[in-house]
Amino acid sequence: MQRPAELGDRSLFPRLEADVYAAHAAISPPSSRVEQAVADFMREQAAKGAGAFMRWKEAREALRPRLGALIGAPGCDVAFTGNTTQGITAIAVCLPWRRGERVVLCRGEFPTNVTPWLQAARAHDLQPVWVDAPDPLRPVGDFLDRLEQALRGGARLVALSAVAFQTGMRLPLGELAALCHAHGAELFIDAIQAVGAVPIDVVADGVDYLAAGSHKWLMGLDGCGLLYVAPERAAALRPLMAGWLSHEAGGLDFLGRGAGHLRYDRPIRQRADLFESGMANAIGLIALGAAIEPLEALGTATIFGHVDRYNGALSEGLVARGFRTLRAASVGARAGILGVLPPGDVELIALHAALGRAGVVTSTPDGVLRFAPHWPNAHDEVPRVLDAVDAAVAELRAATSA
Ligand SMILES: Cc1ncc(COP(=O)(O)O)c(C=O)c1O
């Protein structure tokens, strides 16, 4: 009988070396349940080879509606992908673009949600339109106004992150989708910094497309992700990235039903999983299935509340030490990430390294010191983090004044 996951209890991560692991927005360490699930898969695969295929394929299919539930979508509208980028590229390649259409992009986005759109712009003669990043210290209405202004010129698609990777600012997906649709634009959401950390409901919010990877807040492994495509949007795609596993039922008959079934004219599925074009990342999906069990048991709303209290206490302590916090005032604009800027005389990269030596693992995207705790992080870590910050800052100041 497995012990249930509990907020603030790290016992499912016995190998974790850090005293405080607060880098879930970068890469999550796999739990012992994930290790066990992967080991079980490998053992059976090694013993049975092709004979194990159907059993694991069924396990994968059981994962699809579970991933859907984490984003408020039916499983049939969710595809497994290799990463966030693959999901974005799939749509950028397969949208039936018309020459000259405008694509709204955001300065400060992670490049994942920019490069594929710029490539599509080159290929189809589209016009990229840039808006400034949302400022976590300003009301979200400021950003929505800027976006509306860009949309007044017309747009085919708006590409945004649900949660900004540096500041942790969360955007209101329902309001974004309504705004985009009012102007005839579709909404693509990069949700890798949101799924698993905050509740998401793509159907209720009217999001058209959403992509994420599994190695951050979902706590799976690298090289595995998901793509949601609203059914009416999927129906309009040109399936340019279809492969041998993208055909409707019957596409596999040639492997097990004798001669006469090898055909190339079977229709392609016009839904998200058309992008599952060849063999899947079996290990990644096995790992993901085990990784999300605690998220399902605890619930993302509960996890967010836990992490938000942790970040609130940490932010307060850091501000008292001269740091600038990028934590949004409104709870709806916050997620799992706490971004802070060190005092002017403390160098960010050196501080990050000193914290790491003290057993506090953080990350430093785009000039920000990023804390990203998840459900296993206990609130009583916060005083230890602040002690480590005090020691690191004192060490760095002593080194520069010497
Ligand atoms: C906002 C955001 N999008 C995407 C990625 C990664 O994309 P992929 O899953 O394609 O590696 C990251 C971080 O690695 C990220 O922070």
Side-chain angles (χ1 to χ4, degrees), residues 21-30 67 70-71 78-93 104-120 131 133-134 136 143 158-171 173 176 187-198 200 202 207 209-228 241 272 275-276 280-281 283-285 287-288 291-292 307 326 328 333-339 352 361-374:
Y21 190 86
H24 293 277
I27 295 179
S28 245
L67 288 180
L70 287 176
I71 59 166
V78 175
F80 304 132
T81 60
N83 48 46
T84 320
T85 306
Q86 246 181 36
I88 298 175
T89 304
I91 302 304
V93 168
V104 179
L105 305 174
C106 189
R107 290 191 189 89
E109 274 286 290
F110 202 87
T112 291
N113 203 16
V114 173
T115 307
W117 305 117
L118 291 182
Q119 293 303 106
V131 292
F143 177 72
V158 174
L160 291 169
S161 280
V163 172
F165 73 99
Q166 318 90 323
T167 65
M169 181 172 182
R170 172 162 43 135
L171 291 177
L173 300 188
L176 280 182
L187 177 62
F188 194 109
I189 292 295
D190 172 348
I192 195 172
Q193 295 294 4
V195 184
V198 290
I200 295 185
V202 283
V207 172
Y209 314 93
L210 177 145
S214 73
H215 61 285
K216 299 183 190 288
W217 301 93
L218 290 175
M219 308 183 98
L221 300 179
D222 309 2
C224 185
L226 66 103
L227 171 68
Y228 162 79
M241 289 176 66
F275 298 112
E276 293 171 19
N281 173 1
I283 289 182
L285 292 169
L288 184 54
I292 65 173
V307 166
L326 302 174
R334 301 200 292 255
I337 292 171
L338 171 66
H352 165 258
V361 177
T362 60
S363 43
T364 56
D366 200 18
V368 169
L369 182 63
R370 182 174 69 182
F371 292 91
H374 208 333

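We count ligands from 1, going down the list as the structure has it; atoms in each ligand are counted the same way. Both backbone and side-chain heavy atoms feed into the values below; hydrogens, waters and symmetry mates do not.
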- Measure up the H24 and H374 rings against each other and bin them: parallel (under 30°), tilted (30 to 60°), perpendicular (over 60°). perpendicular
- Message: So if I count the atoms of ligand 1 from 1 in the order they appear, which ones are less than 4.0 Å from some heavy atom of T84?
- Response: 7 (O), 8 (P), 9 (O), 10 (O)
- Query: Hey, does H215 come in under 3.5 Å of ligand 1, counting only N/O atoms on both sides?
  - Reply: no
- Message: For the 3.5 Å polar cut-off, considering only N or O atoms, please tell me whether T112 and ligand 1 meet it.
- Response: yes
- Short side-chain to backbone donor-acceptor contact, Q119 and T89, under 3.5 Å: no
- Please indicate whether any nitrogen or oxygen in R370 is less than 3.5 Å from any nitrogen or oxygen in ligand 1. no
- Item | Atom indices of ligand 1, in the order listed, that fall short of 4.0 Å to a heavy atom of F165 | 16 (O)
- Counting distance only, does the side-chain N/O of R370 pair as donor-acceptor with the main-chain N or O of S363 below 3.5 Å? no
- Item | Side chains of Y228 and I189 in contact at under 4.5 Å (non-hydrogen atoms) | no
- Message: Counting non-hydrogen protein atoms only, what is the nearest one to atom 3 (N) of ligand 1? Give residue, atom name and distance.
- Response: D190 OD2, 2.6 Å
- Which residue, L226, V202, L210, forms the side chain to side chain contact (heavy atoms under 4.5 Å, CB included) with V78? L226
- Among all protein non-hydrogen atoms, which one is nearest to atom 10 (O) of ligand 1, and what is the separation to 0.1 Å? T85 OG1, 2.4 Å
- Message: Using heavy atoms and a 4.0 Å limit, tell me yes or no: is K216 in contact with ligand 1?
- Response: yes
- Hey, which of I337, V368, L369 is the one that makes side chain to side chain contact (heavy atoms under 4.5 Å, CB included) with Q166? V368
- Query: Only one of I192, T84, L221, L288 clears side chain to side chain contact (heavy atoms under 4.5 Å, CB included) with H215; which?
  - Reply: I192
- Protein residue, atom and distance nearest to atom 16 (O) of ligand 1, heavy-atom basis: Q193 NE2, 2.9 Å
- Going by the atom numbers of ligand 1, which of them fall below 4.0 Å from some non-hydrogen atom of I192? 1 (C), 2 (C), 3 (N), 4 (C), 5 (C), 9 (O), 12 (C), 15 (C)
